[in-house]
Amino acid sequence: MKIYTKTGDKGQTALYGGTRVSKASARVDSYGNIDELNSFIGIAKSHIEDEEVLRQLKKIQFDLFTVGSEAATPVDKLMLANGKSRLPLVISDVEIEELENWMDAFDEKVEPLQYFILPGGGKPATFLHAARTICRRAERSLVFLNESEEVRPELIKYLNRLSDYLFVLARYISKINNEPEEYWNPNER
């Protein structure tokens, strides 16, 4: 089987369920941003040695495929004619709570925030900060999509929580790698 199909050569693609849309559509943009986020998390992973963090990030990458598959599926196509779900998995409050628990554990190990943090802190933390900003873009694109087509609120909530997790994780990684954080302190200009 060849990887190329040539079906998108005219700027259209098929959503999960068969509907063809422009590659510039809000839906395609949203799951493209999710895919980019997943790739940046992969880059960050390649610079991280902590086994627990790597396990969490692998789970998050798996969950992002779940988010992306739902983002690629119009809500009216989520259920098959026989009443069963088209998708084998969907994001739920379980995955959101998992992020919150991981975040709380890392947050206990870093200094309390007093100022905004400049993105940086060594390669792994810098890539996590970049992933965080891509996550915010993915979240915004799902919110934008939701203004014209229904999106399950759990998807937006998951990405919102994930961006917070990536921020706290970047701080934690900076700490365990002895990389100092730089602050945006308007009084020190």
Side-chain angles (χ1 to χ4, degrees), residues 30-71 87-144 146 151-189:
S30 69
Y31 68 76
N33 288 326
I34 293 164
D35 189 35
E36 182 181 355
L37 167 60
N38 208 336
S39 295
F40 255 84
I41 289 173
I43 293 170
K45 278 175 52 183
S46 72
H47 295 280
I48 293 172
E49 296 178 5
D50 184 290
E51 290 300 320
E52 175 59 19
V53 171
L54 290 171
R55 184 188 68 75
Q56 290 177 15
L57 291 174
K58 182 178 180 179
K59 170 69 167 55
I60 288 166
Q61 285 187 298
F62 182 91
D63 290 344
L64 284 172
F65 264 91
T66 303
V67 173
S69 67
E70 188 167 346
L87 304 174
L89 295 171
V90 293
I91 291 296
S92 70
D93 286 335
V94 170
E95 289 80 18
I96 295 164
E97 289 170 15
E98 185 174 50
L99 288 174
E100 291 170 352
N101 292 334
W102 292 340
M103 192 180 349
D104 291 344
F106 290 135
D107 204 34
E108 290 176 5
K109 298 174 184 176
V110 296
E111 299 298 318
L113 276 176
Q114 295 179 2
Y115 301 103
F116 286 105
I117 294 174
L118 299 176
K123 279 186 182 180
T126 301
F127 285 124
L128 289 167
H129 280 296
R132 172 186 54 80
T133 63
I134 295 167
C135 188
R136 287 288 186 207
R137 178 168 19 102
E139 178 189 5
R140 287 189 306 270
S141 65
L142 274 180
V143 169
F144 181 74
N146 193 49
V151 172
R152 277 190 333 108
E154 290 85 356
L155 300 182
I156 295 168
K157 190 174 178 181
Y158 180 85
L159 290 179
N160 185 33
R161 209 65 84 251
L162 178 57
S163 63
D164 294 335
Y165 165 90
L166 291 168
F167 175 76
V168 173
L169 180 58
R171 296 194 69 216
Y172 172 74
I173 291 294
S174 287
K175 180 177 180 167
I176 66 171
N177 288 342
N178 295 313
E179 298 281 354
E181 292 180 323
E182 295 180 284
Y183 302 103
W184 180 73
N185 180 349
N187 301 320
E188 292 181 0
R189 186 161 198 204

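Under the side chain to side chain donor-acceptor pair (under 3.5 Å) criterion, Asp107 pairs with no residue, sequence neighbours left out.
Annotation for Leu54 and Ile48: closest pair CD1-O, 3.6 Å, computed over non-hydrogen atoms. Contact record, Gly121 with Glu179: O-CB, 3.0 Å, taken as the closest heavy-atom pair. Nearest heavy-atom pair, Ile60 versus Tyr165, reported as atom, atom and distance to 0.1 Å: CD1-CE2, 3.3 Å. Here the closest heavy-atom approach between residue Glu154 and residue Asp93 is recorded as CG-OD1, 4.4 Å.
More than 12 heavy atoms of other residues, nucleotides or ligands lie within 6.0 Å of CD in Glu100, so this atom counts as buried by the packing criterion. In the displayed structure, Tyr183 atom OH is contacted under 6.0 Å by more than 12 heavy atoms of other residues, nucleotides or ligands.
Between the NZ atom of Lys157 and the CG atom of Leu99 there is a distance of 11.5 Å, given to the nearest 0.5 Å. One distance of note links NZ of Lys45 with CD of Gln61; it measures 4.0 Å at 0.5 Å rounding. Note that CD1 of Ile91 is 7.5 Å distant from CD1 of Ile96, once rounded to the nearest 0.5 Å. Distance CE/Met103 to OH/Tyr172: 15.5 Å, rounded to 0.5 Å. To the nearest 0.5 Å, atoms CG (Leu162) and CZ (Arg136) are separated by 9.5 Å. Separating the CD1 atom in Ile173 from the NE2 atom in His47 is a distance of 12.0 Å, to the nearest 0.5 Å.
Asp35 places none of its side-chain heavy atoms less than 4.5 Å from the side chain of Leu64. Side-chain atoms of Phe65 and Leu89, non-hydrogen and from C-beta on, never get closer than 4.5 Å to each other. Side-chain contact check for Phe167 versus Leu113: some heavy-atom pair is nearer than 4.5 Å. Using a 4.5 Å heavy-atom threshold, the side chains of Val143 and Arg140 count as separate. Residues Leu37 and Leu159 form a side-chain contact, since some pair of their non-hydrogen atoms from C-beta on lies under 4.5 Å apart.
Between the Arg171 side chain and the Glu111 main chain, a donor and an acceptor come within less than 3.5 Å of each other. Although no hydrogens or angles enter the test, the distance criterion places a donor-acceptor pair under 3.5 Å between the side chain of Glu95 and the main chain of Ser92.
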Please walk me through it: do Asn146 and Leu155 pass side chain to side chain contact (heavy atoms under 4.5 Å, CB included)? CA-CA 11 Å; Asn146 193 49; Leu155 300 182; over 6 Å; no

Indicate every side-chain donor-acceptor pair of residues 124-135 with a distance under 3.5 Å to a residue at least two apart or in another chain.
{"from": "Thr126", "atom 1": "OG1", "to": "Gly122", "atom 2": "O", "distance (Å)": "2.7"}
{"from": "Thr133", "atom 1": "OG1", "to": "Ala130", "atom 2": "O", "distance (Å)": "2.8"}

